[in-house]
Amino acid sequence: MKPLDERLNDYLERLMKEQEEARHPVGGCPEPALTQEQSPSPDLESLVGLAWRLRHAPQLQVDPEFARQLERRLVDRYAELRQRSQKRRPLFTALRWRPALAIALSLCLLLCLFCTSLLVLAAQVTDPANPLYTLRRWEQHVEIQLSSNPASQATLNLQMAREQLSVLVRLADSGQGEAYQQGLLDLDRQVDAAASAIARLPAGPQRDQLAGDLAALKSDSIHELRHLLSRLGLPERLATTRELGQLGDTVPTLAHVTVVLQSHSTNGLVTITLTGSDLQPGAQLLVNGAVVEAHETQRQSQGLIVFVTNWQGNQRLQSLGILNPDGTVAQTNAIALTSAGESHQRGGSSKPTSTPTPHGNKPTVSPPSHGDQSLVLPYVARLEALAEPGCGGGIRGHTATPGCRVTKT
Amino acid sequence: MTETIERLLDRARQGDAEAVSMLYQRFLPGVFSYVAARVPDRATAEDLTSEVFLQMVEGLARLRARDEASFLAWLLSIARLTVAGYYRSREKEPLLLSLQDQGRQDSPADSPVGPIDDAVRDPLALIEGQEDWQAVVQAINHLTEEQRQVLVSRVILGYDLATVARMLGKQVNAIKALQFRALQRLRRLLGDGSGSLRVAQKRKERVP
């Protein structure tokens, strides 16, 4: 036999089904007629009867008039809420019911999140070779621009420059030439920006303090950069020397370079005269960015050095420079080419006959307008060979020009 | 064809007032029955029912319910809180009437109230008599919340067992047991007199 709760449920189910089928109106439903077989237990009968009375109790039936009034109130209230909500949160409402807009906004939010993450990542990047480095520089620029006054800007620039200095040390050690040069440019920019911001400050203790900080930074930078020179390649040394000069250090400079081809020599001896400043004793000659062995024949203090070396082979003359013993470098491609015969004939007082090209790699040569053309022309041809690529001329140097031989005169 | 609750809810959330009306019409009997079974008079029941549906309208946008069972459960939870608030705000305890049948041996747990008037012993008579409705309300208030919800949703509204089970988060068998215990306890609280609840007999007396 089924448990009582099961049997009660069966009775109720049957009654509800009968009522549904009979479609009696609510409240006017006659009480169920249970047969003796259907309701054998008086106990269950009383429960079913109670349930049935409760189901149709008039107190639990809704008054139709009340139902109508409440419905009107609800609809009015709903309309009012909708209006208020549309006024207050049109975006949220639009999002809720316009999936495309919601998706677009979600994508925008994701993009913002991505950009923010990128900015956070970029802020930690110190390697100029990293693609995010440009972004970091932009961040720094924006940060400085947002600073309220020159003092803050100067402080920020000084701080960034110090960070940049430590980055340069790391880049020099890791041999990342291009990144190092970029970092050097950034250091220069930050130092300049700090100096500019300090210059805008009115005289006073704050300005003095920042100026002192800037001087300390420059001093530290000079010390660090000089320490780095020995670990760098020639292009980085050149850049570093330039930056040292910007920072106020004493660095070599070349004001004038003259190459004189010995007219009596059959093996291509050339005399190279370099004029400038801080040309230290023991400096080495650089031809086309490489050290060549040359004989130093003359020196006037630290302002002039004369080298003699042999010029043969296929090397094209592009630049000349010197490498000081302290690691600083000076180089130029503004070179004057001339011949010793012409010079001697004119008592050494004539100017070089070639025209220097300060920014080009090919010095042009002009023959002298006076003198014996039969003597001059062969020298001009050799000078042209120095200047023109593939002409068969070149300076012999065992360091940078394989196959060349250096001859001391 | 009757529109599904899910569809009605979607439409209502999109601002369709007609869908709100249809939801209201569909669930008004249940909510009103629940509230009316717990408060002593019709006016109060109507006021509280209005509050419940106004809260429904305000909460529709945030509602996560997707089917009839969960929506009804949500509505009844609002109704329960509204009734509780009604008693709390008026510092009214449900009227304690004597419901104990002197002829019965109810356990103390089942009979938290005093004896009912001897003149009113038949639960059916209590339900029918308007003046005695308060006693019925009092008895229903002494049921557990689950028993009340089963009584309303299953017995009064006629929802099937599966829906009520989903609504309360219980098994179907548990709903059957709750239904049985609710009616049994209600009968006990109201006092079943001397076996006067013969439905079939009454039916015969009324319907020729």
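Letters A, B, ... mirror the listed sequences (proteins, then strands); counts begin at 1. A quick note: this is a predicted structure, and the numbers were derived from the prediction, not measured.
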Atom CD of B/Gln25: over 12 foreign heavy atoms under 6.0 Å: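 Enclosed.
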If you round to the nearest 0.5 Å, how far is CG of A/Leu201 from CD of A/Gln153?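 If I round to the nearest 0.5 Å, the distance is 9.5 Å.
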First locate atom CG of B/Asp10, then atom CD1 of B/Ile5, and finally report the distance between them rounded to the nearest 0.5 Å.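 Atom-to-atom, B/Asp10:CG and B/Ile5:CD1 are 11.5 Å apart.
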Hydrogens and angles aside, do [X] and [Y] bring a side-chain donor and acceptor to less than 3.5 Å of each other?
{"X": "B/Gln179", "Y": "A/Asn9", "result": "yes"}
{"X": "A/Asp186", "Y": "A/Gln182", "result": "yes"}
{"X": "B/Asp47", "Y": "B/Thr44", "result": "no"}

Residue by residue, scan residues 149-157 of chain B and write down, ordered by number, those that have a heavy-atom distance under 4.5 Å to chain A; if none do, write 'none'.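 Expected list: B/Leu151, B/Arg154, B/Val155, B/Ile156, B/Leu157.
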Under 4.5 Å from any heavy atom of chain A, what part of B/Tyr24 do you find: side chain, backbone, both or neither?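 For B/Tyr24, the contact with chain A is made by the side chain alone.
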Heavy-atom proximity to chain A below 4.5 Å, by part of B/Leu178: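 Neither part.
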Determine, step by step, whether B/Glu51 and B/Thr82 satisfy the side chain to side chain donor-acceptor pair (under 3.5 Å) criterion, reporting the C-alpha distance in whole Å, the side-chain angles of both residues, the deciding distance to 0.1 Å, and the verdict. CA-CA 7 Å; B/Glu51 276 185 40; B/Thr82 306; 4.8 Å; no
Top residue by heavy-atom pair count (under 4.5 Å) with chain B, among A/Val75, A/Leu70, A/Leu8?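 Going by pairs under 4.5 Å, I would pick A/Leu70.
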Max heavy-atom pair count under 4.5 Å with chain A, selected residue of [options]:
{"options": "B/Ser50, B/Ala182, B/Ala36, B/Gly158", "result": "B/Ser50"}
{"options": "B/Ala45, B/Ser33, B/Pro29", "result": "B/Ser33"}
{"options": "B/Gln184, B/Glu18, B/Glu58", "result": "B/Glu58"}

Could you tell me whether B/Arg187 and A/Asp43 make a salt bridge, using a distance below 4.0 angstrom between a side-chain N and a carboxylate O?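 Yes, charged N to carboxylate O under 4.0 Å.
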Not counting sequence neighbours, list each pair that qualifies as a side chain to side chain donor-acceptor pair (under 3.5 Å) and has a residue in residues 158-169 of chain B.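 Listed by first then second residue: B/Glu68-B/Tyr159, B/Asp160-B/Thr163.
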Which answer fits [X], side chain, backbone, both or neither, if we ask what part of it has an atom under 4.5 Å from a heavy atom of chain B?
{"X": "A/Ala79", "result": "neither"}
{"X": "A/Leu12", "result": "side chain"}
{"X": "A/Val62", "result": "both"}

Take the angle between the ring planes of A/His56 and A/Trp52 and call it parallel below 30°, perpendicular above 60°, tilted in between.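 Perpendicular: the ring planes of A/His56 and A/Trp52 meet at over 60°.
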